[in-house]
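One structure is given below, encoded as structure tokens.
The structure presented is a predicted model; accordingly, all values stated were derived computationally and were not measured. Numbering starts at 1 and runs along the sequence shown. Any value given below was found using the heavy atoms of this structure, including those in side chains, with hydrogens, waters and symmetry copies removed. When a ligand or atom number is given, it counts from 1 through the structure's own listing order.
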Amino acid sequence: MSSTSVLDVTAQEEGDYVVYRLGNKTFRLDKAKSRERLAGKRVINGLRGAELNVLPLKYHEAYRIYKQMKANHWEPDVIDMTKDCTQWNGNALSAKERWIIEMGVGYFSAAEGIVGDSVLHVIEDNLTAAELKHASLRQIAEESIHMDSLLHIIGSLNIDLDEVTAKFQDIPSIRRKNEFITRHMPELKMGIDLTRTANKQKFAKALFGITQVMEGTQFYALFAMILSLHRQNKMTGIGQMFQYTLRDESNHIALGLYILTELIRENPDVWTPGFKQELVDFMNEGVELEKEFVRDCLPEDTVGMTQSDFLDYVEFNAGRRLASLGLPAQSRVKSNPFLWLDEVIFLKKEKNFFETRVTEYQTGGSVKNTSEDDLI
Ligand code: MN
Ligand code: FE
């Protein structure tokens, strides 16, 4: 399978045209119209058009991330849960390990929905450049895949959906985490005037909150717990899904960071010392809530898992998100306590979902003649 990198984007003027080369495709654009469209492209408050105006491309990185997201496509319901079911219904897991899985299902069932809804109504709706909207829409589709993966888990393990929902609605650390992220969302969904600095800052803060605080910091400790189990060969179907989800999240964080950086570049009025401090404070509050959540998920150390490592991991992630925006991180944790996790994510980047499945079918000796094969 050959692929041409989307990074190969060139634009050349030829007479009245601009010739765009994107990967192995060529587009001829009218030079005058092209200039006009390019001039109207802004992260917010730009020209809005219903037509397909990803070209001329202004925000290259967004299109590259879109392509990367697409290359990482996966389908939850074809992931084998047989071994997970045996372990879940037998005595392979300790009470502490079962609790981590339950927290994973309980928290992410709500969280994936919150992210999907917020990216759609708060972020995508307010963006005006086509290639940014385009990448953002792909993210929303991935949040739907993540929600679907939770349904696949719940359905496979025969977990009572209502019971799970009721149980986790009442856990204060989860409720506080979710309320903290969503409390400023309602007014942003109403379509606020984004020419005003204060409103631009509200939008920027929401973007930061969803992609850097929630997805970039508050998702990672529980991901790490579930992948620690996976490392011990426990609940490997779930582990596999969480690996794919985590790989997706790294693109969502990168996209959010890119949009935020471009927004600030185009709107320097946003980036005041007071606003920078507001973002740092917001992250710090998110870290405190997350630590409370970690203590609920892992009240004491268990096999292969030390609570203090996960608390450090929260600070480490918060620190790297702040640093990526040039914001000061007061974290005392300077190195990643879970280097193996980065390796897992990195290796997964090399892995093509569909090709892997073919190999797994062959080595597993079972060829499935179901509609699942249509996906290959
Ligand atoms: Mn997600
Ligand atoms: Fe996400």
Partner residues of R265 under the salt bridge (Lys or Arg N to Asp or Glu O under 4.0 Å) criterion, sequence neighbours left out: E262
Does E143 bring an N, O or S atom to under 2.8 Å of the Mn ion (ligand 1)? yes
SB check R332 D312 (cutoff 4.0 Å): yes
Short N/O/S contact of E249 with the Mn ion (ligand 1) (below 2.8 Å): yes
If you consider just the N/O/S atoms, which atom of H146 is the closest one to the Mn ion (ligand 1)? ND1
The Mn ion (ligand 1) and E112: any N/O/S contact shorter than 2.8 Å? yes
May I ask you to decide whether E292 forms a salt bridge with K177, counting only side-chain N to carboxylate O separations under 4.0 Å? no
Do the two ring centres, one from F108 and one from F223, sit under 6.0 Å apart? yes
Go through the side-chain N and O atoms of E131 and H134 and say whether any donor and acceptor fall under 3.5 Å apart. no
Near the Fe ion (ligand 2), meaning under 2.8 Å, the protein N/O/S atoms are E143 OE2, E215 OE2, E249 OE1, H252 ND1
K83 side chain to G237 main-chain N or O, any donor-acceptor pair under 3.5 Å? no
Begin from the C-alpha positions of Y220 and F338 and carry the test ring-ring contact (aromatic ring centres under 6.0 Å, His included) through to its verdict. CA-CA 11 Å; Y220 274 63; F338 299 126; over 10 Å; no
Is the ring pair W271/F275 parallel, tilted or perpendicular, if the boundaries are 30 and 60 degrees? perpendicular
Is H252 close enough to the Mn ion (ligand 1) that one of its N, O or S atoms comes in under 2.8 Å? no
